[in-house]
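Take a look at the structure below.
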Amino acid sequence: MNAYATHADDHHDHHGPAPGLMRWVTTTNHKDIGTLYLWFAFIMFFIGGFMALIIRTELFQPGLQIVDPHFFNQMTTLHALVMIFGVIMPAFVGLANWMLPMMVGAPDMALPRMNNWSFWILPFGFAMMLSTLFMEGGAPAAGWTLYPPLSLQTGDALPFIIFSIHLLGISSIMGAINIIATIMNLRAPGMTFMKMPLFVWTWFITAYLLIAVMPVLAGAVTMLLTDKFFGTSFFDAAGGGDPVMFQHIFWFFGHPEVYILILPSFGLVSEIIPTFSRKRLFGYSSMVYATASIAFLSFIVWAHHMFTVGMPLIGELFFMFSTMLIAVPTGVKVFNWVSTMWRGSLTFETPMLFALGFVVMFTIGGFSGLMLAMTPIDFQYHDTYFVVAHFHYVLVPGAVFGIIGGVYYWLPKWTGNRYNEGLGKWHFWLSTIFVNILFFPMHFLGLAGMPRRIPDYAVQFTDFNQIATIGAFGFGFSQILFLILVVKCIRGGEKATDRVWEGARGLEWTLSSPPPYHTFSVQPVIK
Amino acid sequence: MAFKMAFRPKLIKPRRTAHLFLIPVVMFGFGYLMVPIYNVFCDLTGLNGKTGSISVSQANEFEIDVQRLVKVEFLSVLNQQAPWKFDPQVSSMLVNPGKPYTTHYIATNQLGREMVGQAIPSVAPSKAAAYFKKTECFCFSQQKFEANELKQMPITFVIDPALPDDINTVSLSYTLFDVNSRIN
Ligand code: HEM
Ligand SMILES: [Cu+2]
């Protein structure tokens, strides 16, 4: 494999990027593409956040205030689709693009041209998705899960949302294949699998999940499309189909998908905590095996989203116990993060704060997940705000905090400048306080029976809803601090050293800050 | 790095990753494969309450269990605002397993134009579905109604004597769908 390092190529003789805006359109450089992905995710984060604030404003008081119910449902649907496919997944792919080659000692991603394509499909996919807001009949409003027969009542938007899901799927499949190909083929000599940094490992496993389940989602929405326009009846009972089958196919994708949304954050946290504990990660190999078993188990638990559709007892028992089984490898990971800190010399720079926030608050979400995993209890909690509280704890102070922590961790490496630590700490504390004000009351609302995806509620739910709405605005506006901080850091600041963090290990820190446009043209050797 | 020597290192040949592209293609197919798998699974287990049909001669081969009485309840449901009046002739029957019975559902088209309906059966508890067999049913085909027509639609069924002992009541429900739009 050394041949890659020494092989000359006649076409591209650039030292640096091409000048002008076309640089970003035609680029095949992993750092450029990583930057594009990250900015895209950041912009979508504000768009999706704006939709969330519309939802929370409506829910500030019982009764209907500012939007009509149909538009409210369009907001819940689009908010979820934007946050999942437009924020968390692209942010992960952006981090992978920037960091994987630098972490495994590769000169670039394995398939640079395809890399360009996987990014540039995204803006088109989302332009199509968001354009449905202006169509006859409005944007899709049946929830991000698109259950038929309700989703088949979508107006003109239906084919557009389906095609946009196809595009996003193609983009993430190509991204995933690129990541697998890079990790399999371009690791520096001596970088054996069991020496790979955990972020690389978790992405490797996530990429396999992606190529396995995104096509299943594509199939499911294609069936919706043909049911609506071409007379098939996959999900139409009148034609001999079964709407419950959609739920099986969807969740066969959907549950692995939620792990796609968390595993790379597991990896990020596993990079950050050792650095600021000045210790090696505790239980490296158990981390790898735990990640692999979570990924494997994620394929056999899907029907925990469907406990109430009417399953035989044996099915409910199977899915209940298999779901609870996932808590075991997840617990191993939490245990290892805590053990890494044990007797470490800890410091609490912003990336570490976000990582610690992740460990604590992700665990809260894990516990509410365990409660939902119990079939008889889920009968009460299903489709209430308790479920909303659960998945927002694992996704916001979970997946998103992992991403933000990762950005803080590597921002000095990318820009060559240190960010403003004081501002970073403000960002962390405001986000953490408000995210809990936002989501914690939702547990109580759910336990008391407030259903999700409904714009109105009984008056006794008012107090907790108002608290949540205040938290939502606080959390949303805190993110503007982050934007300011990132822009300031790109513009200038105290110069960062190559190592950046005293306790940092790994190949990326052997490069200069910022790293040259092309790195590791000659592969390093890991001993 | 000297100017001429500057290079973009060669990465891998895209062809070497062809097998990776195969996985999503296969999984797309697998998504579709889940449809027949689901149906076979439901047929074998009776899980979604789908009932089976058998021929008349098969139905007559069952040994009649005169000792046992099972209550069969009949339910009717209209999908969305399907424009029919739709009811069972009797709301329940006591039957001996193994013996064929006939009853009717009555539907009236309440529109002044021709309509086509399709009834879809479902049996509860789902454990009983596999033992509920029909030799004749209006649900086997689409039903055409003239304007304002009233139709008596027969169903002949037999309960397999192997029906588990703990089941004393079986509910048969029909949902009537308006399928005009499917035909056009
Ligand atoms: C300890 C691990 C976990 C367990 C036991 C668990 C269990 C569950 C259960 C049983 C439900 C269904 C609740 C219902 O609809 O009634 C659910 C919903 C959900 N979970 Fe988890 N979960 C876990 C971790 C996660 C993680 C890590 C994520 C994502 C990062 C996640 C995301 C979601 C989402 C998005 C939903 C709601 C989907 C929807 O209906 O829209 N969960 N979880
Ligand atoms: Cu799940």
Side-chain angles (χ1 to χ4, degrees), chain A residues 3-15 28 106-114 173 176-178 180-182 184-186 208 211-220 222-223 231 233-234 236-242 244-245 248-249 252-253 310-312 315 518 520-522, chain B residues 1 3-14 16-35 37-39 41-42 45-50 79-80 82 116-122 124-127 139 142 175-184:
Chain A
Y4 304 126
T6 49
H7 232 274
D9 190 320
D10 334 296
H11 319 306
H12 295 275
D13 284 353
H14 307 310
H15 278 286
T28 55
D108 204 310
M109 296 295 279
L111 305 164
R113 290 229 172 78
M114 190 170 81
I173 288 170
I177 288 177
N178 217 336
I180 296 175
T182 307
M184 299 249 259
N185 298 297
L186 298 185
Y208 273 105
I211 58 175
V213 301
M214 286 308 287
V216 175
L217 174 68
T222 308
M223 291 179 212
S233 39
F234 289 106
D236 183 354
D242 190 341
V244 172
M245 186 174 68
H248 281 288
I249 303 177
F252 183 84
F253 146 81
M311 255 190 282
H518 295 297
F520 293 134
S521 300
V522 176
Chain B
M1 231 180 268
F3 179 75
K4 192 63 202 144
M5 284 303 293
F7 61 88
R8 216 170 133 271
K10 197 156 194 178
L11 300 165
I12 60 173
K13 290 206 178 66
R16 281 186 45 198
T17 59
H19 62 286
L20 285 176
F21 288 87
L22 213 65
I23 298 178
V25 172
V26 169
M27 288 309 288
F28 186 76
F30 176 75
Y32 274 84
L33 193 66
M34 281 172 85
V35 177
I37 293 176
Y38 179 84
N39 287 330
F41 191 77
C42 287
T45 56
L47 267 187
N48 58 357
K50 283 192 175 154
N79 187 51
Q80 298 187 332
V116 184
Q118 168 74 57
I120 302 290
S122 172
S126 58
K127 230 164 77 179
C139 61
Q142 296 182 342
T175 306
L176 187 59
F177 290 83
D178 169 359
V179 293
N180 284 280
S181 57
R182 301 192 65 80
I183 298 165
N184 303 334

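In what follows, chains carry the letters A, B, and so on, assigned in the order in which the sequence lines appear, proteins first and then strands, with residues in each chain numbered from 1. Since the structure is predicted, the reported quantities are computational estimates derived from the model, not experimental observations.
Across all their heavy atoms, B:M34 and A:H248 have their closest contact at CE-O, 4.0 Å. Shown here for B:Q118 and A:A238, the closest heavy-atom pair between the two residues is CG-O, 3.3 Å.
Interface remark: A:M223 contributes backbone and side-chain atoms alike to the contact with chain B (heavy atom separation under 4.5 Å). In this structure, no portion of A:F253 lies under 4.5 Å from any heavy atom of chain B. For A:T222, the parts lying under 4.5 angstrom from a heavy atom of chain B are both the backbone and the side chain.
Chain B forms the most heavy-atom pairs under 4.5 Å with one residue out of A:G315, A:A106, A:A181, and that residue is A:A181.
Of the candidates A:V216, A:V213, A:I211, B:P24 forms a side chain to side chain contact (heavy atoms under 4.5 Å, CB included) with just one, namely A:I211.
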Review point. Hey, mind stepping through A:I249 and B:Y38 against side-chain contact (heavy atoms from CB on, under 4.5 Å) and telling me if it holds?
Key: CA-CA 10 Å; A:I249 303 177; B:Y38 179 84; over 6 Å; no
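Here the CD1-CD1 distance, from B:I23 to A:I177, works out to 7.5 Å after rounding to the nearest 0.5 Å. To the nearest 0.5 angstrom, A:D242 atom CG is 7.5 Å from B:N39 atom CG. Remark: B:L20 CG to A:L111 CG distance equals 8.5 Å, nearest 0.5 Å.
Ring planes of A:F234 and B:Y32: perpendicular class, angle over 60° (limits at 30 and 60°).
B:F177 pairs by the ring-ring contact (aromatic ring centres under 6.0 Å, His included) definition with nothing, not counting sequence neighbours.
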